[in-house]
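What follows is a short report on a single structure.
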There are 2 protein chains.
Amino acid sequence: MTTREIEKRTDALLNAVKLKRTGPRRVVLAALLRAAEPQSAEQIAVKLGTSAPNKVTVYRTLETFVNADVVHKAFLQKRTWYYEPADKCTDTQCHPHFTCTHCGDTHCLTEMSIPLAESPYKGFVVHRQQVRLEGLCPDCA
Amino acid sequence: MTTREIEKRTDALLNAVKLKRTGPRRVVLAALLRAAEPQSAEQIAVKLGTSAPNKVTVYRTLETFVNADVVHKAFLQKRTWYYEPADKCTDTQCHPHFTCTHCGDTHCLTEMSIPLAESPYKGFVVHRQQVRLEGLCPDCA
DNA sequence: AGCCAAATGCAACTAAGCTGCAAGTAGTTT
DNA sequence: AAACTACTTGCAGCTTAGTTGCATTTGGCT
Ligand SMILES: [Mn+2]
Ligand SMILES: [Mn+2]
Ligand SMILES: [Zn+2]
Ligand SMILES: [Zn+2]
């Protein structure tokens with residue numbers, strides 16, 4: 001996507017969920033759309049450099065996006081939260097994330113579809129699932 | 001398991017992985033064996049009360065157990081680490097954990113087996129997977 | 001242009017965990 | 001049994017990642 005396309009998509013997404021199109025929201029959402037992998041608040045701030053909003057605003061903005069379901073938290077077995085645009089996820093699951101045990105890199109496996117697990121337990125109703133994969137990436141295999 | 005059985009199992013596990021059988025290790029591992037669900041360092045300390053080791057020791061002990069593969073970190077959508085004995089996990093995955101979106105409780109689904117995902121991506125070699133389920137528990141459904 | 005609820009920035013605070021180092025102890029050796 | 005010592009523990013202080021309260025600013029509306 002070009003810079004111009006990202007800007008258009010950012011505004012369209014903010015409009016769609018009826019959030020004010022403020023400076024901080026535009027740049028934070030654009031940073032997520034540009035990234036190939038889930039990003040932490042810290043990573044976003046670093047990438048934005050001098051145009052980064054106050055860090056409290058970054059945290060609050062990301063939380064706002066999650067509540068509006070424009071962005072999801074990706075749980076990567078790390079101590080910090082990572083965020084990504086929600087558009088490559090279905091109602092019942094986000095795409096799996098693969099982390100290489102050798103180089104530590106994480107990759108979105110958006111083409112992969114894993115059927116929703118059926119619980120053999122009486123009474124448990126499963127609505128969503130998250131899958132995390134570990135192994136060796138193409139570079140390290 | 002009775003208290004006596006827990007004590008025996010604790011010592012047997014520590015011996016098996018060649019870790020010294022110290023007071024802190026015995027009580028922390030016993031607390032995990034007694035629990036039905038993954039526990040945080042804080043939860044363990046609270047349950048142990050006055051016999052809890054120093055909190056730094058609890059952290060270090062849990063990390064030691066993970067390195068020795070006696071204990072695993074559970075894949076939960078929380079900001080703190082949760083730990084559980086590794087004996088109900090296979091080489092390729094831990095059993096899934098189910099979290100109820102209504103009451104917030106987490107349950108170990110040890111009877112559930114999910115086939116290891118096959119990556120459609122060239123070059124990615126999957127060694128392990130972790131699955132987290134969300135929905136309604138029997139009490140809340 | 002003026003209004004105002006919503007958004008932002010700043011300072012202070014907190015939860016969860018980590019580091020350095022001195023003191024203690026489990027398991028071994030004599 | 002006593003001595004040895006590498007591993008383990010406890011304490012003080014530090015760090016990371018995020019939160020809260022509150023005063024100031026601004027986007028969207030009239
Ligand atoms: Mn992703
Ligand atoms: Mn479990
Ligand atoms: Zn790799
Ligand atoms: Zn419930």
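Chain naming here is simple, since letters A, B, ... match the order of the sequence lines and numbering starts at 1 in each.
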Original post:
Under 6.0 Å between the ring centres of B/Tyr121 and A/His107?
Top reply: no
Original post:
Is there side-chain contact between B/Gln43 and B/Val46, with heavy atoms separated by less than 4.5 Å?
Top reply: no
**OP:** Spell out, yes or no, whether B/Tyr59 and B/Phe65 are grouped together once hydrophobic residues are joined by side-chain heavy atoms under 4.5 Å, including indirect joins.
**Re:** no
**OP:** Taking atom NE2 of A/His102 as the centre, report whether more than 12 heavy atoms of other residues, nucleotides or ligands fall under 6.0 Å from it.
**Re:** no
Subject >> Spacing of B/Asn54 atom CG relative to C/dG24 atom P, expressed in whole Å >> reply: 15 Å
Original post:
Is the A/Tyr82-A/His97 ring centre distance short of 6.0 angstrom?
Top reply: no
Original post:
For B/Glu42 and C/dA15, what is the distance between atoms CD and P respectively, to the nearest whole Å?
Top reply: 10 Å
Subject >> Linked, directly or transitively: A/Val125 and B/Met112 (ILVMFWY side chains, under 4.5 Å) >> reply: no
**OP:** Please check the phosphate of C/dA16 (OP1 and OP2 only) for any side-chain N or O of B/Thr80 closer than 4.0 Å.
**Re:** no
Original post:
Any idea which heavy atoms bring A/Pro115 and A/Gln93 closest together, and the distance?
Top reply: C-NE2, 4.4 Å
**OP:** Classify the nucleic acid contact of B/Arg79 as base, sugar-phosphate or nothing, counting any heavy atom under 4.0 Å across all strands shown.
**Re:** sugar-phosphate
Original post:
Between A/Arg60 and A/Ser40, which is nearer to the 5' end of DNA chain D once each is assigned its nearest nucleotide?
Top reply: A/Ser40
Subject >> Five-pair end axes of the helix from C/dA1-D/dT30 to C/dT30-D/dA1 and the angle they enclose, rounded to 10° >> reply: 30°
Original post:
What is the distance from NZ of A/Lys78 to P of D/dG18, rounded to the nearest Å?
Top reply: 13 Å
**OP:** Tell me which residues in residues 10-39 of chain B put a heavy atom below 4.0 Å from DNA chain C, sorted by number, or none.
**Re:** B/Lys20, B/Arg21
**OP:** Round to the nearest Å and state the distance from A/Lys73 atom NZ to D/dG18 atom P.
**Re:** 9 Å
**OP:** Check whether B/Phe75 and A/Leu116 end up in the same hydrophobic cluster, where Ile, Leu, Val, Met, Phe, Trp and Tyr are linked by side-chain heavy atoms less than 4.5 Å apart.
**Re:** no
Original post:
Distance-only, no hydrogens or angles: does the B/Arg25 side chain make a donor-acceptor pair with backbone N or O of B/Lys20 under 3.5 Å?
Top reply: yes
Subject >> Length of the OH-P vector between B/Tyr59 and C/dA16, whole Å >> reply: 7 Å
Subject >> Value in whole Å for how far the P atom of C/dA15 lies from CD of B/Gln43 >> reply: 16 Å
Original post:
Starting at OH of A/Tyr82 and ending at P of D/dT16, how long is that distance when rounded to a whole Å?
Top reply: 14 Å
Original post:
Taking for each residue the nucleotide of DNA chain C bearing the nearest heavy atom, is the 5' side occupied by B/Val56 or by A/Val58?
Top reply: A/Val58
Subject >> Separation of atom NZ in A/Lys55 from atom P in C/dC13, rounded to whole Å >> reply: 14 Å
